[in-house]
2 protein chains.
Amino acid sequence: MSKKQLIMESALELFAKQGFEATSVQQITEHSGISKGAFYLSFKSKDELIMALIDHFMEQFVSDIDHIVKDSNNRGEELLRKFFYTTFHSFQKHSDFAKIFIKEQAHTFNEELISKGRHFDQLIDDITLSMLDQLYGETVQHTKYDLIYCIKGFMHVYSHLFLFFNVPLDLDLLCRSLAEKTELLAKHSTIPFITDELYEMFRKTGHEEMTHGQLIEVMEQKIEELEDSIEKESLILLKQDVQERSLNPAIVKGLITNIRNNPHCRWIAYLLLHFYEI
Amino acid sequence: MSKKQLIMESALELFAKQGFEATSVQQITEHSGISKGAFYLSFKSKDELIMALIDHFMEQFVSDIDHIVKDSNNRGEELLRKFFYTTFHSFQKHSDFAKIFIKEQAHTFNEELISKGRHFDQLIDDITLSMLDQLYGETVQHTKYDLIYCIKGFMHVYSHLFLFFNVPLDLDLLCRSLAEKTELLAKHSTIPFITDELYEMFRKTGHEEMTHGQLIEVMEQKIEELEDSIEKESLILLKQDVQERSLNPAIVKGLITNIRNNPHCRWIAYLLLHFYEI
DNA sequence: TATAATAATGACTGGTTGGTCATTTGTCAA
DNA sequence: TTGACAAATGACCAACCAGTCATTATTATA
């Protein structure tokens, strides 16, 4: 395990227990069994550490729910159920992180952190919107933004139960319950509150797209990290294609499916799907 | 304005802008134009200050929505609308406080603060539950706890729009929209997730009832604070009755109505209504 | 006016923080 | 074994924190 990962795991635990501000760098280094200096070799600052944590987990989460929504085997109410399931399952699996994210997103006054939070929030909105379009199409044109907010509200309030009470819960039942509620609202609610203009206004802050160059940079970095494997080979081929656009779309699709096998590549798979507009 | 109030107003502003932990006592005293020593004459600690702020606003909020729900002129969908309206109106009017409450409730690791937050949360749950009983009675027996959570989710997610974007919004439209959604869920959802046992488990932590003695103490303190007025006179009579129980219930009801006229007495009015089980 | 009582001050204390950097330790190839 | 380089250390720093208390200013009373 790299030193960076070691620090991230230690910090995750401490932040979840005590909060970001209340955890000192000293505590993190003691918990990791390294020196203070070593910490600053891996991270330029304490802020950079929490940014890295948020990126790490949110990238995974976003690519996971995107994959569910894009998978054409999931249709109708089942898609809805799987969407909720993936969300809560992820919260459950990474509960330490989820606690930090909920707490620090609400609390922080660091500009960069806020905009990072908002960025991922918007990605999730986009995915949710695409799901609603798939499920209900024209029917929800007027009310789709309100639906997004209701779904967010459901996720927020029920995820609290998972995170702050240590009780074994019936995830399947919860997802069926929420899918039913969402269906009810989608099919029968008639009074929209959030209009297109309002929605645009709320997300006005710049949703900076990733550039072509940045994409290649991220891919190169990941290629370095990977051991020799099908995934690495696929990624190298994809990198060439992003630069030259010479491969058959079917091949590209297959290569992306290959790299998604590796959990550490899911985010890149998500970025590539967007790049190729699949 | 008393020094305590002055400090509370200054602190409110700073906490909303920068957060509780990030605001130093120094800053508060500078902003209030007083010395550090004077601060500690009014509050034993920084923690005591934020507790006082939370009590002040939450007591007002809880007594307000309780009043709406208990008012028998409000019935059916109109009650729902007024319930939401009161909530959002209160958030809007005291937006600085609402920001602090949302942020610090999620974030804090101070035991006392957590239990205070949970205490008010439970009071709001009780009021919501009583509203649902009034509106739908038997119909929602199975799903009432889920309904509470959905309503909380709605309030949470839409209040964000008020608090963190400075846009003039159509409160009436929002409340109609949410009342419709709530009605839909109440009348048609069939799959409950939160059972009685689960609900009990979530709120297990001790909801300590106010004792008889504490109630009289609070009343005596408020009597000291008030100028001579109908409200003060009413409160004195009520205090005697709480001790001796000699007045006609109709008279008691009237006296409580009197004291509710003064905004600073709404919390006591709420406590008395509970005491007399009205 | 004189005295007692109360209110207000701000320099100070002991502690913690994020971050730095001169120094030591470990790891190679030659 | 040597020397060159990188990795790791932890004492140290300046800044800030909540909270204290000897001192001073203000007010009320006699």
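Residue numbers begin at 1 in each chain, while the letters A, B, ... track the order of the sequences. This is a predicted model, so every value here is computed, not measured.
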Point to revise | Pairs touching residues 39-50 of chain B that satisfy salt bridge (Lys or Arg N to Asp or Glu O under 4.0 Å), sequence neighbours left out | key: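 Output for this query lists B:Lys44-B:Glu48.
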Check your understanding: Among pairs that include at least one residue of residues 34-43 of chain B, which meet salt bridge (Lys or Arg N to Asp or Glu O under 4.0 Å), considering only residues two or more places apart or in two chains?
Key ->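 Every pair satisfying salt bridge (Lys or Arg N to Asp or Glu O under 4.0 Å) with a residue in residues 34-43 of chain B: there are none.
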Practice item. Taking salt bridge (Lys or Arg N to Asp or Glu O under 4.0 Å) as the test, write out the residues that go with A:Asp96, two or more places apart. Key: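 Listed in chain order: nothing, the list is empty.
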Review point. Does the B:Ser10 side chain pair with the main chain of B:Ile7, one donor and one acceptor, at a distance under 3.5 Å?
Key: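 Pair absent, no side-chain N/O of B:Ser10 close to backbone of B:Ile7.
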Table please: side-chain donor-acceptor pairs of residues 255-265 of chain B below 3.5 Å, with sequence neighbours left out.
| from | atom 1 | to | atom 2 | distance (Å) |
| --- | --- | --- | --- | --- |
| B:Thr257 | OG1 | B:Lys253 | O | 2.8 |
| B:Asn258 | ND2 | B:Ser234 | OG | 3.2 |
| B:Arg260 | NE | B:His67 | NE2 | 3.3 |
| B:Arg260 | NH2 | B:His67 | ND1 | 3.3 |
| B:Asn262 | OD1 | B:His264 | N | 2.8 |
| B:Asn262 | OD1 | B:His264 | ND1 | 3.4 |

**Study point:** Non-neighbouring partners of B:Phe61 that pass ring pair (Phe, Tyr, Trp, His ring centres under 6.0 Å), sequence neighbours left out
**Key:**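 B:Phe91.
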Check your understanding: Partners of B:His31 by ring pair (Phe, Tyr, Trp, His ring centres under 6.0 Å), sequence neighbours excluded?
Key ->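 B:His31 satisfies ring pair (Phe, Tyr, Trp, His ring centres under 6.0 Å) with no other residue.
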Review point. Looking at DNA chain D, which of residues 11-25 of chain A put a heavy atom within less than 4.0 Å of it?
Key: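 Output list: empty, so none.
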Check your understanding: B:Gln26 CD to D:dT20 P: how many Å, rounded?
Key ->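 Distance, rounded to whole Å: 15 Å.
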Practice item. Write down the distance between CD (B:Gln27) and C1' (D:dA18), rounded to a whole number of angstrom. Key: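 After rounding, the gap between these two atoms is 13 Å.
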Those residues that, when tested against [X], pass side-chain contact (heavy atoms from CB on, under 4.5 Å) (two or more places apart):
X: A:Glu112; answer: A:Met51, A:Asn110
X: B:Thr23; answer: B:Leu14, B:Phe15, B:Gln18, B:Gln27, B:Ile28
X: B:Ile223; answer: B:Lys232, B:Leu235, B:Ile236, B:Lys239

Review point. Which of residues 32-46 of chain B have a heavy atom under 4.0 Å from DNA chain C?
Key: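 Correct list: B:Ile34, B:Ser35, B:Lys36, B:Gly37, B:Ala38, B:Leu41.
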Check your understanding: Could you give the start and end, 5' to 3', of the contact zone on DNA chain C for chain B, using atoms under 4.0 Å from its heavy atoms?
Key ->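 Going 5' to 3' along DNA chain C, contacts run C:dA8 to C:dG10.
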